[in-house]
Amino acid sequence: MAGETEHAKGADGTWLAKRWLERTTRAQVRWEQPDPIAVRKLTFDRPGGTFSFDIGGSLVGGEVDSQDFFAEVKKYKDAQDQPALFRQFLAKCFRAYDQRPERCDNFMWITWAPFNSTDWSKLDKPEKLESCVRENWKYNFTTQEEAQAADLSGNIVKEVAQRIWILVLSDKQVDHLSMSDRHLSVIAEYETLERAKR
């Protein structure tokens, strides 16, 4: 029963994150677990298995126009086990970028509960990423010894760290500060007219 409740809460969080992202008009969520096509797009290989992200798609407009993103969503009431899961997330991001850099423009951690507040400004730093890759070695290496001895590419660590986004949402924010259908339709009509002029 508890597992089913957590699964339902996770699905609700994924749907709310998708809704919020799309209603910013700056993101198109194209892949969402557990849709079979999405599973293929969101899944990456790791030594001895696979892992996947919850949602993915592309960003719209500005400097990030047409860039892809992958996101992990946590609809938690409190921090719970987020510190450990976030460290795993960073190791997954490193692996995904190492495998498919052309697809990995941005990685988003979307949560409803802040965590690690005393280290908040360091959560997306290269040093944090490197330590997480070594700690969660199963995503990138076959043994812990291999992970500790590895000369991690400084360029990859830096590139991945620059692509990390940490977003904290709330139900009120999603419900009351998202664009309405009417506003979204006005923007869509405007963008269609602008494209027609080109």
Side-chain angles (χ1 to χ4, degrees), residues 9-10 13-14 16-27 29 42 44 46 51-65 67-101 103-141 144 147-148 150-174 176-178:
K9 205 154 103 179
T14 300
L16 288 171
K18 175 185 176 188
R19 178 177 176 232
W20 181 81
L21 283 166
E22 290 181 337
R23 286 177 178 255
T24 66
T25 71
R26 299 295 305 277
V29 178
L42 298 170
F44 291 83
R46 68 176 183 88
F51 66 88
S52 63
F53 296 96
D54 294 327
I55 58 176
S58 56
L59 300 176
V60 180
E63 293 179 11
V64 295
D65 190 51
Q67 290 186 5
D68 286 339
F69 71 88
F70 295 98
E72 192 80 15
V73 181
K74 301 294 174 203
K75 184 146 188 339
Y76 287 0
K77 183 178 175 184
D78 298 302
Q80 296 181 18
D81 56 353
Q82 276 191 97
L85 293 176
F86 181 75
R87 292 194 300 271
Q88 290 176 21
F89 168 74
L90 291 180
K92 292 176 183 179
C93 294
F94 182 91
R95 178 66 177 184
Y97 182 84
D98 191 41
Q99 282 187 326
R100 301 291 302 274
R103 290 187 58 213
C104 298
D105 301 311
N106 302 279
F107 298 103
M108 298 179 182
W109 180 267
I110 304 173
T111 183
W112 269 250
F115 61 100
N116 280 38
S117 58
T118 56
D119 293 324
W120 190 256
S121 64
K122 301 173 189 165
L123 292 179
D124 61 353
K125 298 295 181 224
E127 302 77 28
K128 175 77 171 178
L129 180 70
E130 184 174 339
S131 71
C132 292
V133 169
R134 293 186 196 281
E135 174 192 352
N136 296 280
W137 56 268
K138 291 182 180 180
Y139 292 101
N140 292 278
F141 303 98
Q144 190 170 13
Q148 294 308 317
D151 179 18
L152 297 179
S153 167
N155 287 340
I156 292 179
V157 169
K158 186 188 266 188
E159 287 293 328
V160 175
Q162 291 172 350
R163 288 164 163 71
I164 303 296
W165 300 42
I166 304 171
L167 306 174
V168 181
L169 302 180
S170 72
D171 288 343
K172 288 182 180 177
Q173 176 185 358
V174 173
H176 304 299
L177 297 179
S178 295

> So, Glu130 side chain and Leu152 main chain: donor-acceptor pair closer than 3.5 Å or not?
Replying inline: no
> Sub-3.5 Å donor-acceptor pair from the side chain of Glu22 to the main-chain atoms of Val29, do we have one?
Replying inline: yes
>> Between the side chains of Asp171 and Lys75, is the shortest nitrogen-to-carboxylate-oxygen separation below 4.0 Å, so that they form an ion pair?
In response: yes
> Tyr139 vs Phe51 aromatic rings, parallel, tilted or perpendicular, using cut-offs 30° and 60°?
Replying inline: perpendicular
>> Taking CG in Asn155 as the centre, count heavy atoms belonging to other residues, nucleotides or ligands within less than 6.0 Å. Is the count above 12?
In response: no
> Glu135 and Gln88: side-chain contact (heavy atoms from CB on, under 4.5 Å), yes or no, with the steps?
Replying inline: CA-CA 8 Å; Glu135 174 192 352; Gln88 290 176 21; over 6 Å; no
> Which atoms form the tightest heavy-atom contact between Ala161 and Lys125, and what is the distance?
Replying inline: CB-C, 4.1 Å
>> For the CG atom of Leu129 and the CD1 atom of Ile164, what is their distance to the nearest 0.5 Å?
In response: 6.5 Å
> Could you give the distance from CZ (Arg100) to CZ (Arg95), rounded to the nearest 0.5 Å?
Replying inline: 12.5 Å
>> Please check: side-chain N/O of Asp68 versus main-chain N/O of Asn106, any donor-acceptor pairing under 3.5 Å?
In response: no
>> Side chains of Val73 and Phe53, heavy atoms from C-beta outward: is any pair under 4.5 Å?
In response: no
>> Set out, in order, the CA-CA distance, both residues' side-chain angles and the distance that settles side-chain contact (heavy atoms from CB on, under 4.5 Å) for Phe141 and Val133, then state yes or no.
In response: CA-CA 9 Å; Phe141 303 98; Val133 169; 3.9 Å; yes
>> Are Leu21 and Met108 packed together at the side-chain level, in the sense that at least one heavy-atom pair is separated by less than 4.5 angstrom?
In response: yes
>> When you measure from the side chain of Arg26 to the backbone of Val60, do you find a donor-acceptor pair of N or O atoms at a distance under 3.5 Å?
In response: yes
> Do you know which two heavy atoms are closest between Ser58 and Phe69, and how far apart they sit?
Replying inline: N-CE2, 3.5 Å
> Counting N and O atoms only, with roles assigned by atom type, does the side chain of Arg134 sit under 3.5 Å from a partner on the main chain of Ala150, one being a donor and the other an acceptor?
Replying inline: yes
>> Looking at every non-hydrogen atom in both residues, tell me the closest pair between Ile110 and Ala71 and how far apart they are.
In response: CD1-CB, 4.0 Å
>> Could you go through Lys128 and Asn116, starting from their C-alpha distance and side-chain angles, then the distance that decides it, and tell me whether this counts as side-chain contact (heavy atoms from CB on, under 4.5 Å)?
In response: CA-CA 12 Å; Lys128 175 77 171 178; Asn116 280 38; 4.3 Å; yes
> Does the side chain of Trp20 come within less than 4.5 Å of Leu167's, by heavy atoms?
Replying inline: yes
> For Ala147, does its backbone N or O pair with a side-chain atom of Asn140 as donor and acceptor, under 3.5 Å?
Replying inline: no
> Is the centre of the Tyr76 ring less than 6.0 Å from the centre of the Phe115 ring?
Replying inline: no
> Do you know which two heavy atoms are closest between Ser52 and Glu72, and how far apart they sit?
Replying inline: O-OE1, 3.8 Å
> Mind checking whether Trp109 and Asp124 have side chains closer than 4.5 Å, heavy atoms only?
Replying inline: no
> If every non-hydrogen atom of Arg163 is compared with every non-hydrogen atom of Cys104, which pair is closest and at what distance?
Replying inline: NE-O, 2.9 Å
> Between Asn136 and Ala91, is there a donor-acceptor pair closer than 3.5 Å when you use the side chain of the first and the backbone of the second?
Replying inline: no
> How far apart are the C-alpha atoms of Tyr97 and Phe107, what are their side-chain angles, what is the distance that settles it, and do they pass the ring-ring contact (aromatic ring centres under 6.0 Å, His included) test?
Replying inline: CA-CA 10 Å; Tyr97 182 84; Phe107 298 103; 7.3 Å; no
>> To check you understand the geometry: which heavy-atom pair defines the closest contact between Ile55 and Ala17, and what is its length?
In response: CD1-CB, 4.4 Å
> Within a strict 4.5 Å, meaning less than it, do heavy atoms of the Phe86 and Ile166 side chains meet?
Replying inline: yes
>> Quick check for you: to the nearest 0.5 Å, what is the distance between Leu90 atom CG and Leu123 atom CG?
In response: 8.0 Å
> Does the Asp98 side chain pair with the main chain of Phe94, one donor and one acceptor, at a distance under 3.5 Å?
Replying inline: no
> Any side-chain heavy atom of Phe89 within less than 4.5 Å of one from Lys74?
Replying inline: no
